[in-house]
Amino acid sequence: MSKRTALITGASRGLGFALARELARRGWRLVINARDSEALEAAREELAKWTDVIAVPGDVTEAEHRLELSRAAQGAGGLDAVINNAGMLGPSPQPELLDYPLNVLEDVYLANAVAPLGVLQAVRDALKPGARVINVTSDAAREPYEGWGGYGSSKAALEQLSNVLAAERPDLRVYRVDPGDMRTRMHQEAFPGEDISDRPLPETSVGGFMELLEGSYESGRYAARESFTATDG
Ligand SMILES: NC(=O)c1ccc[n+]([C@@H]2O[C@H](COP(=O)([O-])OP(=O)(O)OC[C@H]3O[C@@H](n4cnc5c(N)ncnc54)[C@H](OP(=O)(O)O)[C@@H]3O)[C@@H](O)[C@H]2O)c1
C-alpha cells in the first residue's frame with residue numbers, strides 16, 4: 001500500500017469526493033476540506049474505512065483557513081499531491097457578460113483562480129520533491145459558451161497560472177485538468193431546472209486523474225476522459 005499523501009480541496013461531494021475515495025482505496029493518506037463541516041465529516045467517516053484522513057473544514061478563499069491546511073499538511077508529513085478542486089460557478093442561471101454583476105465576478109475569480117494559487121503558496125514548504133499539483137479547470141476556460149464568461153474566464157486564469165507555475169517549478173509536475181461534464185451539484189446549478197441525468201458521474205473522470213497522480217506525465221493540460229498525451233505545453 002502506498003503511503004503517499006494528497007490534499008484535496010472541496011472533497012465533501014462531487015468530483016473531489018470521488019477522487020478522495022479512489023485515492024483512499026489506493027492507500028493514499030488524505031487532507032480534505034470543504035466549507036460545510038457536517039458534510040465534510042460525513043465524507044471523512046466514509047474515507048476513514050480505507051485510510052488516514054485529516055478533515056479541515058473551511059473556505060479556501062480565506063487566508064487563515066489556507067494556513068490551517070498548511071499546518072495539516074505539515075502534520076501529515078508533507079504532500080505528494082495537491083488537488084485544487086474546490087470551485088464556484090457564480091450566479092445560477094449564469095448571466096451574459098454585459099449583465100454580469102462585477103462584485104460576483106470578483107468572488108468567482110477569488111474562488112477559482114486566486115484561492116487555488118493561495119493554497120499552493122500556503123503549502124509550498126510541505127510539497128515533497130516531484131509533488132503533483134492538479135488544478136481542476138474546464139472546457140469553459142477555452143470555449144466561448146454563451147453565459148459562461150465569468151466562470152470560464154476564471155478557469156482560463158487558473159489554466160495560465162498553472163502553465164506559468166509549471167515553467168517556474170520544473171521540480172514539480174503541474175497539471176491543469178478538464179474533468180469533462182459531470183452530474184454534480186455545480187453542474188445542476190449551471191443548468192437550473194434541466195434534467196442532467198444524461199451527464200456522466202464524476203467517477204468516470206477519476207481514472208485520468210489517477211494516471212496523472214501515479215504516473216510520470218509531463219506538466220501540461222490534460223482532459224481526464226481522453227487518452228493521455230499533453231494537449232499542449
Ligand atoms: N461538474 C462539472 O460538469 C464540471 C465540469 C468542469 C469542471 N468542473 C470543476 O470540477 C470541480 C468540482 O466541481 P463539482 O462539479 O464536483 O462541484 P460540487 O459537486 O458542487 O462540489 C464542490 C466541492 O467544493 C467545495 N467548495 C466549494 N467552494 C468552496 C470553498 N470556497 N472552500 C472550500 N470548499 C469549497 C464544496 O463543499 P462546500 O460547498 O461545503 O464548501 C464541495 O465539496 C470544480 O472546480 C468545477 O469547476 C466541474
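Whatever order the structure lists them in is the order used to number ligands and atoms, beginning at 1.
- When heavy-atom distances to ligand 1 are checked against a 4.0 Å cut-off, Asp139 has no atom that comes that close, whether in backbone or side chain.
- Residue-to-ligand polar distances keep Pro179 apart from ligand 1: every N/O pair is separated by 3.5 Å or more.
- If you number the atoms of ligand 1 from 1 as listed, the ones under 4.0 Å from a heavy atom of Gly58 come out as 32 (N), 33 (C).
- A tilted orientation is assigned to the rings of Phe191 and Trp148, their planes being inclined by 30° to 60°.
- Interface atoms of ligand 1 facing Tyr151, defined by a heavy-atom separation under 4.0 Å, are 7 (C), 8 (N), 9 (C), 46 (C), 47 (O).
- At under 3.5 Å, a nitrogen or oxygen of Arg35, whether backbone or side chain, sits near a nitrogen or oxygen of ligand 1.
- Shown here for Val60 and His65, the closest heavy-atom pair between the two residues is N-CD2, 3.8 Å.
- Between Asp178 and ligand 1, not a single N/O pair is under 3.5 Å apart.
- An N or O contact shorter than 3.5 Å is missing between Ser138 and ligand 1 by distance.
- Just one residue in the list Ile8, Leu30, Leu23 forms a side-chain contact (heavy atoms from CB on, under 4.5 Å) with Leu47, and that residue is Leu30.
- If you number the atoms of ligand 1 from 1 as listed, the ones under 4.0 Å from a heavy atom of Ser12 come out as 37 (O), 42 (C), 43 (O).
- Contact annotation: the side chain of Asp80 never approaches that of Arg132 to less than 4.5 Å [non-hydrogen atoms, C-beta and beyond].
- Proximity of Glu203 to Arg21: side-chain heavy atoms (C-beta onward) are separated by under 4.5 Å at one or more points.
- Checking Arg29 against Thr51 by side-chain atom types alone, no donor-acceptor pair falls below 3.5 Å.
- Salt-bridge formation is not detected for the pair Arg185/Glu189: no Lys NZ or Arg NE/NH1/NH2 atom is positioned less than 4.0 Å from an Asp or Glu carboxylate oxygen.
- For Gly180, the heavy-atom gap to ligand 1 drops under 4.0 angstrom.
- Contact analysis puts Thr137 in contact with ligand 1, with a non-hydrogen atom separation below 4.0 angstrom.
- Taking a 4.0 Å cut-off on heavy atoms, Thr9 fails to register as neighbouring ligand 1.
- Shown in contact with His187 at under 4.0 Å from a heavy atom are these atoms of ligand 1, numbered in order with element: 1 (N), 2 (C), 3 (O).
- Counting heavy atoms from C-beta on, the side chains of Met182 and Thr184 come closer than 4.5 Å.
- Ranking protein heavy atoms by distance to atom 45 (O) of ligand 1, first place goes to Asn85 O, 2.7 Å.
- In terms of protein heavy-atom proximity, atom 1 (N) of ligand 1 is closest to Thr184 OG1, 3.0 Å.
- Below 3.5 Å of separation, one finds no N or O of Ala34 facing any N or O of ligand 1.
- Under 4.0 Å from ligand 1, the heavy atoms of Lys155 that appear belong solely to its side chain.
- Counting heavy atoms under 4.0 Å from ligand 1, residue Phe17 does not touch it at all.
- Asn163 and Gln160 are linked by a side-chain donor-acceptor pair at a separation below 3.5 angstrom, with hydrogens and angles left out of the test.
- Annotation: Thr61 places no N or O atom under 3.5 Å from an N or O atom of ligand 1; distance criterion only.
- Nearest protein heavy-atom neighbour of atom 26 (N) of ligand 1: Ala86 CB, 3.9 Å.
- For ligand 1 and Arg185, the ligand atoms under 4.0 Å from any heavy atom of the residue are 19 (O), 20 (O).
- Where the criterion is an N or O separation shorter than 3.5 Å, residue side chain and backbone included, Gly10 meets it with respect to ligand 1.
- Atoms of ligand 1 lying under 4.0 Å from at least one heavy atom of Asp59, given by number and element, are 30 (C), 31 (N), 32 (N).
- Distances below 4.0 Å separate heavy atoms of Asn33 from the following atoms of ligand 1: 33 (C).
- The shortest heavy-atom distance from Arg13 to ligand 1 is under 4.0 Å.
- Remark: ligand 1 atoms within the under-4.0 Å shell around heavy atoms of Asp36 are 40 (O).
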